[in-house]
Amino acid sequence: MPAEETSLNFIEEIIEQDLKNGKYKSIVTRFPPEPNGYLHIGHASSICLNFGLTKKFPGYTNLRFDDTNPMTEETEYVESIKEDVRWLGFEWKNERYASDYFDQLYEFALTLIQKGLAYVDDSSSEMIANRKGTPTEPGKESADRNRSVEENLDLFKRMKAGEFPDGSRTLRARIDMAHHNMLMRDPVLYRIKHAHHHRTGDKWCIYPMYDMAHGQSDSIENVTHSICTLEFVPHRELYDWLIKNLEIYPSHQYEFARRNINYTVTSKRKLLQLVNEKYVTGWDDPRMPTISGLRRRGFTPESIRDFCDRIGVAKRENLVDVGLLEFCVREHLNKVALRRMVVFDPVKVIITNYQENHNEKVKSENNPEDVSSGAREIPFGKEIYIERDDFMENPPKKYFRLAPGQMVRLKSAYIIKCDEVIKDAGGRISELHCSYLPDSHSGHDTSGVKVKGTLHWVSVNDAVEVEVREYDRLFKVEDPASEAGDFKDYINENSLKIVKGYAEPSLLSAALGEHFQFLRKGYYCLDKDSDNGKFIFNRTVTLKDVWAKEQQKTSVQK
RNA sequence: UGCCCGGUAGUAUAAUGGUAGUACGAGAGAUUCUGGCUCUCUAUGUCAGGGUUCGAAUCCUUGCCGGGCAACCA
């Protein structure tokens, strides 16, 4: 066997180099969510990357909550994040919180003050903004910039002691107000917030900013490769500056491009709006690109991981086709989903030459892709439902389904032939009278008849009524965030369609977490809204339908 | 008119100075008791110019295009 072609992404290449030249013997990565929302498909990429790296290379990954802003962070989010990471199939070495390090971070701040590298500024946030300058003009120094170390120490301790109101003072790094990198123009390190923190309670009234917390937390945990998204590139200079001046463990930051997916948004702020303003039923609405939404919709961790693998990791802007995600879930579900028959828009078929009240059951495989999945029995009968669009009175060429005088096979049962079409007063087809070929039974067909079409069906007497929720993309445009106006103007108001279905009775034992393929329709799973006697199924994704595509093409031609 | 990233088929991603590949998507066909799955085949690409080199997607340079940077958010 030739050695498998390995193609490393740019971060893996860096790590391989670092390992090869002895910089590290093993690596440490971390996944650092802020607990202010639910995880989404974009985070899945970061999770797969960070945890995947330490599966591929020696080392481990921490889960660290970046909880430095008590105003927006909640325990509910912490719990959902942990559940989602585990569900995706990853386990962290240590569960950590930036807030675990508040004491240490405070000491770091004191160190910077003592070194003359930080000062307390009495300016308001507006004043700081006004003196910041612009990307093309230097900023102006604050009058407080040259306070003595003693005064800064005193003021900062009193900030911590709660002597000053919110917003009255900040601790700022003393770097360079004329720096070409705006982030280096004396960035705010600490701010006063008399707010209750989800973990530290009321212990603190000063909280570190992202830059004062993130890199230092990485360093405390001896993170070797701190991976984040592209918008943090300009922060790297500050990240390195703080580590150097604090003389602490030198973690290094590497940036990759966040993965964007078309016809959706992946911004926690926007997703929160959709939830708060009731465009969806919650963070786990099956139309949401959240991990919990995808899970409820019927996506599997395997399919999401496969998707993340396939889209890869790089530094260029991207807009990934959601069709690839759908491909990944179809591919996985095809292998594992149990096949069932459900008729959505029924038309009754009466098999005129079939015996009255005959209790026949037919056997059908649970999954042709997996022989170990066995078979089930399905009640057959004189009256069955088939799909209304599986019959046409005047069929076009290459229509393999039922039509007057035309024969089809009923899946796992018999071949039938349509003899007569019965219509109601309005001209709508109400019944189809068919005859069956008794010697065409699946498995021991001696009829010698070959048919092109096979239909799914359900026995009228045994059909179970179920509710089916069909989902479409949440937005009408590929990239709602980049359109003019508000992204919510582009919401697809038809993203949810509720329909009735008539299911074979084996679906009565469907359980949460099971995946089904409704034959010739798509993949479905039971929704948690189901309760005693009421069955609700979510459509994960449709089956590929080349016939529908063909029809669309010919109708466009006309 | 500042600084920092980045530009390879429709999309995403390889090729690390030596034959521009792969996957999805698209098209054609085979097979099929799911018009699913599977199988076969086809089309489509290095942003542009200049330079270095025997040889450039890759190195240099100029330009063009896209993105980011002025929160007491992360």
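Keep in mind it's a predicted model, so treat the numbers as computed, not measured. A, B, ... follow the sequence lines: proteins, then strands. Residue 1 opens every chain.
Distance noted for atom C1' between B/C33 and B/A28: 26 Å (whole Å). Between B/A12 and B/G45, the two C1' atoms lie 13 Å apart (nearest whole Å). Only the C1' atoms considered, B/G35 is 15 Å distant from B/G29, to the nearest whole Å. The C1' atoms of B/C64 and B/G27 are separated by 34 Å, rounded to the nearest whole Å. Using P as the reference atom, B/A23 and B/C39 are 11 Å apart when rounded to the nearest Å. Rounded to a whole angstrom, the distance from the P atom of B/A20 to that of B/A56 is 11 Å. Comparing B/U13 with B/C72, their P atoms sit 33 Å apart, to the nearest whole Å. Rounded to a whole angstrom, the distance from the P atom of B/A70 to that of B/U8 is 27 Å.
Taking a cutoff of 4.0 Å between a charged side-chain nitrogen and a carboxylate oxygen, A/Asp176 and A/Arg185 do not qualify as a salt bridge. The pair A/Glu231-A/Arg258 counts as a salt bridge, with a side-chain nitrogen and a carboxylate oxygen less than 4.0 angstrom apart. Note on A/Asp122 versus A/Arg147: salt bridge recorded, some NZ/NE/NH1/NH2 to OD/OE distance being below 4.0 Å. A salt bridge links A/Arg199 with A/Asp100: the closest approach of a Lys/Arg side-chain nitrogen to an acidic carboxylate oxygen falls below 4.0 angstrom. Between A/Asp306 and A/Arg310 there is a salt bridge, since a side-chain N of the basic residue sits under 4.0 Å from a carboxylate O of the acidic one.
Contacts of A/Thr68 with the nucleic acid, taken as non-hydrogen atoms under 4.0 Å apart, involve only primed sugar atoms and P, OP1 or OP2. Heavy atoms of A/His441 sit under 4.0 angstrom from at least one base atom. At the heavy-atom level, A/Met209 lies under 4.0 Å from the strands shown only through sugar-phosphate atoms. No contact: A/Pro234 has no heavy atom under 4.0 Å from any strand. Using a 4.0 Å heavy-atom cutoff across all strands shown, A/Pro368 reaches at least one base atom of the nucleic acid. At a threshold of 4.0 angstrom between heavy atoms, the contacts of A/Tyr399 include nucleobase atoms, whether or not backbone atoms are also involved. Base contact: A/Lys398 has a heavy atom under 4.0 Å from a base atom. Contacts of A/Leu183 with the nucleic acid, taken as non-hydrogen atoms under 4.0 Å apart, are absent. Base contact: A/Lys411 has a heavy atom under 4.0 Å from a base atom. At the heavy-atom level, A/Glu550 lies nowhere under 4.0 Å from the strands shown. Using a 4.0 Å heavy-atom cutoff across all strands shown, A/Ser123 reaches at least one base atom of the nucleic acid. Using a 4.0 Å heavy-atom distance criterion, A/Val313 is classed as a sugar-phosphate-only contact. A/Asp545 comes within contact range of the sugar-phosphate backbone alone, with a heavy-atom separation under 4.0 Å but no base atom that close. As judged by a 4.0 angstrom heavy-atom cut-off over every strand, A/Tyr190 is placed among residues making no nucleic acid contact.
For A/Lys549, the side-chain atoms get nearest to B/A26 when compared with the rest of B/C24, B/C33, B/A26. Out of B/U34, B/G35, B/C5, the shortest distance to the side chain of A/Arg339 is found at B/U34. Minimum atom distance to the side chain of A/Arg259 is reached by B/A12, of the listed B/A12, B/A74, B/G25. Listed nucleotides B/A70, B/C72, B/G6 differ in distance to A/Arg316; the shortest reach to its side chain belongs to B/G6. When distances run from any side-chain atom of A/Glu317 to the nucleotides B/C24, B/G67, B/A74, the shortest one goes to B/G67. The side chain of A/Thr454 lies closest to B/G35, out of B/C73, B/A14, B/G35. In this structure, the nucleotide among B/G35, B/C72, B/G36 sitting nearest to the side chain of A/Ser125 is B/C72. If you check B/G36, B/U11, B/A70 against the side chain of A/Asp321, the one that comes closest is B/U11. Listed nucleotides: B/C72, B/A70, B/G35. Nearest to the side chain of A/Pro135: B/A70. Which of B/A12, B/G36, B/C3 sits closest to the side chain of A/Asn318 comes down to B/A12.
When both distances must be under 3.5 Å, the Watson-Crick or G-U wobble mate of B/A14 does not exist. The base-pairing partner of B/C64, taking Watson-Crick or G-U wobble contacts with both distances under 3.5 Å, is B/G7. Under the Watson-Crick and G-U wobble criteria, each requiring two contacts below 3.5 Å, nucleotide B/U46 is left unpaired. Searching all strands for a Watson-Crick or G-U wobble partner of B/C33 with both distances below 3.5 Å returns nothing. Nucleotide B/C41 forms a pair with B/G27, judged by Watson-Crick or G-U wobble geometry with both contacts under 3.5 Å. Pairing of B/C69, defined by two Watson-Crick or G-U wobble distances under 3.5 Å, is identified with B/G2.
In this entry the distance linking CG of A/Leu324 with C1' of B/U22 reads 13 Å, nearest Å. What separates CZ of A/Arg236 from C1' of B/G68 is a distance of 13 Å, to the nearest Å. Note: CG (A/Leu325) to C1' (B/A23) measures 14 Å, nearest angstrom. One can place CE of A/Met127 at 17 Å from C1' of B/A71, the figure rounded to the nearest angstrom. What separates CD of A/Glu34 from P of B/A71 is a distance of 18 Å, to the nearest Å. Distance A/Arg131 CZ to B/A70 P: 19 Å, rounded to the nearest Å. Here the C1' atom of nucleotide B/G10 and the CD atom of A/Glu478 are 10 Å apart, to the nearest Å. The distance from atom CZ of A/Phe327 to atom P of B/G10 is 21 Å, rounded to the nearest whole Å.
Where stacking is scored as ring centres under 5.5 Å apart with planes under 30°, A/Tyr210 does not register as stacked on the base of B/A74.
Nearest heavy-atom pair across A/Ile128 and A/Thr170 is CD1-OG1, 3.9 Å. Across all non-hydrogen atoms, the minimal contact from A/Asp370 to A/Lys335 is CB-O, 4.1 Å.
Taking only side-chain nitrogens and oxygens, A/Arg191 comes nearer than 4.0 Å to OP1 or OP2 of B/C73.
No hydrogens or angles were tested; on distance alone, a donor-acceptor pair under 3.5 Å links the side chain of A/Arg401 to the base of B/G35. Evaluation of atom-type donor-acceptor distances gives no pair under 3.5 Å for the side chain of A/Glu331 against the base of B/G36.
Side chain of A/Thr200 to backbone of A/His197: no donor-acceptor contact under 3.5 angstrom is found. A/Ser442 contributes a side-chain N or O that, together with a main-chain N or O of A/Ala413, makes up a donor-acceptor pair within less than 3.5 Å.
Mapping A/Arg310 and A/Arg169 onto RNA chain B via the closest heavy atom, the residue that lands nearer the 5' end is A/Arg310. Where A/Gly453 and A/Ile311 each meet RNA chain B at their nearest nucleotide, the meeting point lying more 5' is that of A/Ile311.
Here the rule is salt bridge (Lys or Arg N to Asp or Glu O under 4.0 Å) with A/Asp218, and of A/Arg96, A/Arg236, A/Arg64 only A/Arg64 fits it.
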